[in-house]
Amino acid sequence: MRTIIASAAVYFTAITLSLATLTGAVSAQTTGDVTAACSAGTNLPAPVCDCMGERSEAFSEQQREFMVAVLRGESDLANQLRTGMSVADLVAVTNFIGNSPLECLQGG
């Protein structure tokens with residue numbers, strides 16, 4: 001019985017530490033963070049990154065967190081965030097990342 005309790009305590013401690021690490025690594029992302037991530041993580045011109053940042057206002061905080069991780073090339077963090085997102089939210093963000101640069105270049 002002690003072994004089971006000890007194992008459960010270790011398991012729940014590991015889960016708590018994992019969640020603390022994840023929540024500590026992820027903070028609220030603003031449209032400015034999207035602009036900065038675009039500038040730092042891509043070779044897109046500054047006006048395009050500014051446009052993408054402004055347009056990212058239409059997304060939830062969780063979607064912007066994922067967007068910033070993808071734009072920065074933080075694949076481990078992006079994969080962690082992806083697990084907590086709906087398919088519709090993921091599709092919306094990936095479409096945005098794929099289509100917005102051209103739309104912004106065309107004045108959209």
Side-chain angles (χ1 to χ4, degrees):
M1 182 70 163
R2 286 184 186 176
T3 304
I4 293 172
I5 293 171
S7 295
V10 169
Y11 176 76
F12 288 115
T13 301
I15 289 174
T16 303
L17 290 174
S18 295
L19 290 173
T21 301
L22 178 59
T23 56
V26 177
S27 60
Q29 300 297 324
T30 65
T31 58
D33 294 323
V34 173
T35 300
C38 175
S39 295
T42 71
N43 61 353
L44 294 171
V48 172
C49 289
D50 292 340
C51 173
M52 287 181 69
E54 291 168 10
R55 293 180 70 201
S56 72
E57 187 173 14
F59 292 92
S60 71
E61 193 173 289
Q62 182 184 32
Q63 288 171 306
R64 282 194 303 272
E65 288 171 348
F66 177 75
M67 192 180 307
V68 166
V70 170
L71 290 170
R72 287 183 181 157
E74 297 173 348
S75 57
D76 289 341
L77 178 57
N79 286 334
Q80 286 177 335
L81 293 168
R82 178 181 304 148
T83 61
M85 294 177 68
S86 70
V87 172
D89 284 351
L90 282 170
V91 169
V93 172
T94 55
N95 284 342
F96 176 82
I97 291 170
N99 297 330
S100 286
L102 182 59
E103 291 170 0
C104 288
L105 277 171
Q106 294 173 341

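The two residues Leu44 and Cys38 come nearest to each other via the heavy atoms CD1-SG, 3.8 Å. Across every non-hydrogen atom of Thr31 and Gly53, the tightest pair is CB-O, 3.0 Å. Of all the heavy atoms in Val34 and Ser56, the pair that sits closest is CG2-OG, 3.5 Å. In terms of heavy-atom proximity, Gln62 sits nearest to Gly84 at NE2-O, 2.9 Å. Across every non-hydrogen atom of Cys49 and Thr42, the tightest pair is SG-OG1, 4.1 Å. Shortest non-hydrogen contact noted between Leu81 and Ala69 is CD1-CB, 4.2 Å.
Distance check: Gln63 CD to Leu90 CG gives 8.5 Å after rounding to the nearest 0.5 Å. Here CD of Glu65 is found 9.0 Å from CE of Met85. Values are rounded to the nearest 0.5 Å. Put simply, SG on Cys51 and CG on Leu105 are 8.5 Å apart, with the number rounded to the nearest 0.5 Å. In this structure, OG on Ser60 lies 8.5 Å from CE on Met67, to the nearest 0.5 angstrom.
Between Glu61 and Gln29 the shortest side-chain heavy-atom distance does not fall below 4.5 Å. In this structure, the side chains of Val93 and Ile97 come closer than 4.5 Å at one or more pairs of heavy atoms. For the pair Arg64 and Thr30, the minimum side-chain heavy-atom distance is 4.5 Å or more.
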Glu103 and Arg55: CA distance, side-chain angles, deciding distance, salt bridge (charged side-chain N to carboxylate O under 4.0 Å, His left out) verdict: CA-CA 11 Å; Glu103 291 170 0; Arg55 293 180 70 201; 2.8 Å; yes
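Cluster membership check: Val91 does not share its hydrophobic cluster with Leu71, using side-chain heavy-atom separations under 4.5 Å among Ile, Leu, Val, Met, Phe, Trp and Tyr.
By the side chain to side chain donor-acceptor pair (under 3.5 Å) test, Ser75 pairs with no residue at all, sequence neighbours left out. With sequence neighbours excluded, no residue forms a side chain to side chain contact (heavy atoms under 4.5 Å, CB included) with Thr83.
Residue pairs meeting the ring pair (Phe, Tyr, Trp, His ring centres under 6.0 Å) criterion with at least one partner in residues 39-91, sequence neighbours excluded, are Phe59-Phe96.
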